[in-house]
Protein chains: 2
Amino acid sequence: MIERKRQSAIERKPAILKAFFEVIEKEGFENASVAKVAMKAGVHPSLVIHYFGTKEKMVLELVDEVLATYADLFRRLPKDGPPLERLERLLQLVWSREWHEAASFAVVFSFLALSQRDDEVRKRVRNLYNNYRRYLQVQVCFFAEEGVIRIDDVEAAVEALISLSEGSHYFCRFHIDNGTFDSHCQHMIVAAKRILGVQSPDI
Amino acid sequence: MIERKRQSAIERKPAILKAFFEVIEKEGFENASVAKVAMKAGVHPSLVIHYFGTKEKMVLELVDEVLATYADLFRRLPKDGPPLERLERLLQLVWSREWHEAASFAVVFSFLALSQRDDEVRKRVRNLYNNYRRYLQVQVCFFAEEGVIRIDDVEAAVEALISLSEGSHYFCRFHIDNGTFDSHCQHMIVAAKRILGVQSPDI
DNA sequence: TAATTAATTGAACATTCATTTAATAGCGTA
DNA sequence: TACGCTATTAAATGAATGTTCAATTAATTA
């Protein structure tokens with residue numbers, strides 16, 4: 001006892017959330033107890049409750065944090081520049097190591113499972129993807145108008161693009177070794193270009 | 001007490017697994033306790049342990065059962081018939097209501113999260129998809145040889161096809177209302193055909 | 001320095017957890 | 001009818017669960 005490391009709520013709360021994340025990643029959502037999180041954070045279980053009220057609220061705060069990292073990724077998608085170059089940057093970013101490593105599969109999948117039961121979580125996931133979807137719609141429209149792609153249905157192309165990228169992230173977790181990641185990304189970019197009907201010399 | 005409903009292990013075990021599945025779906029993997037499963041199955045918790053040994057083993061048995069339903073789906077994929085018709089049947093099956101409703105998102109996602117930690121589960125998931133992958137490779141090769149599709153790289157096309165279909169199932173859970181499911185499937189089939197470079201009059 | 005506020009812990013809470021062991025009840029066979 | 005097997009439960013286990021409340025310690029302000 002004694003030797004209390006005193007910190008402000010502003011630094012302590014994120015530290016506890018980080019510990020929560022790590023415990024989930026290592027032991028699974030179903031085994032991530034308040035006690036373990038407190039232990040990992042080097043703190044008394046009471047303090048966890050003191051800051052978050054209940055475990056449930058803590059889960060929701062972590063969900064928000066994780067979804068925010070996705071929102072950050074989306075925010076970095078290109079919004080200007082010449083059409084063909086912009087398209088190329090878009091695809092390169094979606095299928096980059098950075099995006100692939102952005103989130104923990106174990107944590108995210110637990111939250112997606114949770115979203116099927118918890119309306120609050122579901123709403124936030126939905127909202128996140130709606131933003132992504134709207135962004136792609138605008139871009140795909142632009143590309144079509146500029147004549148760098150040829151599609152019949154913008155909505156359909158966007159649905160396919162999102163499905164391909166989400167499915168690809170999923171696919172990688174089970175089928176891609178370290179050595180094959182880059183070539184897989186190339187495959188996906190080629191597929192995306194086919195879906196979009198890219199009109200370009202290099203395809 | 002009294003009024004024991006006596007059943008054989010052959011009927012009781014599946015009944016308990018079914019109860020387990022339902023509890024997970026309703027309350028989440030993290031809240032599916034042995035006691036709740038027993039309650040749902042109308043049975044004493046001891047009996048659950050008696051049949052499965054430990055909760056962990058019960059989880060593994062349920063994983064096997066769920067994966068088996070996927071294997072059943074894969075088994076129904078077309079393996080003969082004229083190339084173009086076979087391709088059409090393949091796509092229609094992958095993007096059918098039946099496939100979409102085949103499994104519980106909440107349960108499956110919990111298991112996928114689990115697979116990141118549990119090597120046994122991981123191995124089985126991987127194995128399942130390897131079968132799917134091999135099947136598609138054979139078919140895509142065949143379609144290419146028969147000239148109904150035009151692709152540069154079989155491996156790449158298969159990766160894209162799987163990614164698109166898995167991502168699509170995921171996509172549907174958050175973005176598709178009941179009314180838009182059919183049109184979404186149509187969009188995906190069009191995208192798949194573009195990926196495969198289908199050489200046909202109706203595209 | 002004294003008073004106030006916020007961070008942190010200690011100890012206890014009632015529940016629930018998965019599991020064990022021993023007892024009981026129903027069925028098939030001899 | 002008696003026996004043996006298996007299904008099933010009863011009861012109890014210690015550990016772990018999330019949470020409460022009061023006490024204590026450290027920093028901030030007066």
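To find a chain, count down the sequence lines: A is the first, B the second, and so on, and within it residues start at 1.
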Going through the checks in order, is the side chain to side chain contact (heavy atoms under 4.5 Å, CB included) test met by A/Lys79 and A/Tyr135? CA-CA 9 Å; A/Lys79 291 183 188 61; A/Tyr135 162 81; 4.0 Å; yes
Check whether the side chains of A/His187 and B/Glu155 place a donor and an acceptor atom closer than 3.5 Å, and report yes or no. no
B/Glu85/B/Arg89 salt bridge by N-O under 4.0 Å criterion: yes
Tell me what A/Tyr51 touches on the nucleic acid: a base, only sugar-phosphate, or nothing, going by heavy atoms under 4.0 Å. sugar-phosphate
Integer-rounded Å distance: D/dT8 C1' and B/Ile10 CD1: 17 Å
OP1, OP2 of D/dT8 versus side-chain N and O of B/His50: anything below 4.0 Å? no
Regarding A/Val48, tell me which of base, sugar-phosphate or nothing describes its non-hydrogen contacts under 4.0 Å with the strands shown. nothing
Classify the ring geometry of A/Phe29 against A/Phe111: parallel below 30°, tilted from 30° to 60°, perpendicular beyond 60°. perpendicular
Within the pair B/Arg12 and D/dT8, is there a side-chain N or O less than 4.0 Å away from OP1 or OP2? yes
Which of these nucleotides, D/dA10, D/dT19, C/dT8, is closest to any side-chain atom of A/Pro45? D/dT19
Using nucleotides 15-18 of chain C, report all nitrogen or oxygen pairs with the protein that are shorter than 3.5 Å.
unit_1: C/dC17; atom_1: OP1; unit_2: B/Ser33; atom_2: OG; d: 2.8
unit_1: C/dA18; atom_1: OP1; unit_2: B/Val34; atom_2: N; d: 3.3
unit_1: C/dA18; atom_1: OP1; unit_2: B/Lys55; atom_2: NZ; d: 2.9
unit_1: C/dA18; atom_1: OP2; unit_2: B/Val34; atom_2: N; d: 2.9

Whole angstrom value for the distance that separates C1' of C/dT19 from NZ of B/Lys57: 12 Å
B/Arg122/B/Asp119 salt bridge by N-O under 4.0 Å criterion: no
Interatomic distance where CG belongs to A/Leu47 and P belongs to C/dT9 [whole Å]: 6 Å
Do the side chains of A/Glu22 and A/Lys18 get close enough for a salt bridge, i.e. N-O under 4.0 angstrom? yes
Whichever of B/Ser46 and B/Ser8 has its nearest DNA chain D nucleotide further upstream toward 5': B/Ser8
Each nucleotide N or O in nucleotides 27-30 of chain D that has a protein N or O under 3.5 Å away: list the pair and distance.
none

Whole angstroms only, please: what is the CD-P distance between A/Glu30 and D/dT17? 13 Å
Gap between atoms CE and P, on A/Met39 and C/dG10 respectively (whole Å): 13 Å
Any side-chain to backbone donor/acceptor pair from B/Arg117 onto A/Glu27? Under 3.5 Å, distance only. yes
Specify the separation, in whole Å, of atom NZ of A/Lys13 and atom P of C/dT8. 13 Å
Looking at A/Gly81, is its backbone amide N or carbonyl O close enough to the side chain of A/Arg86 to form a donor-acceptor pair, meaning the two atoms are under 3.5 Å apart? yes
Go through A/Arg124 and A/Glu120 one step at a time and tell me if the salt bridge (Lys or Arg N to Asp or Glu O under 4.0 Å) criterion holds. CA-CA 6 Å; A/Arg124 288 162 204 223; A/Glu120 204 54 45; 3.1 Å; yes
Whole-Å gap separating P (D/dT25) and NE2 (A/His44): 14 Å
Separation of B/Gln7 atom CD from D/dT9 atom C1', in whole Å? 15 Å
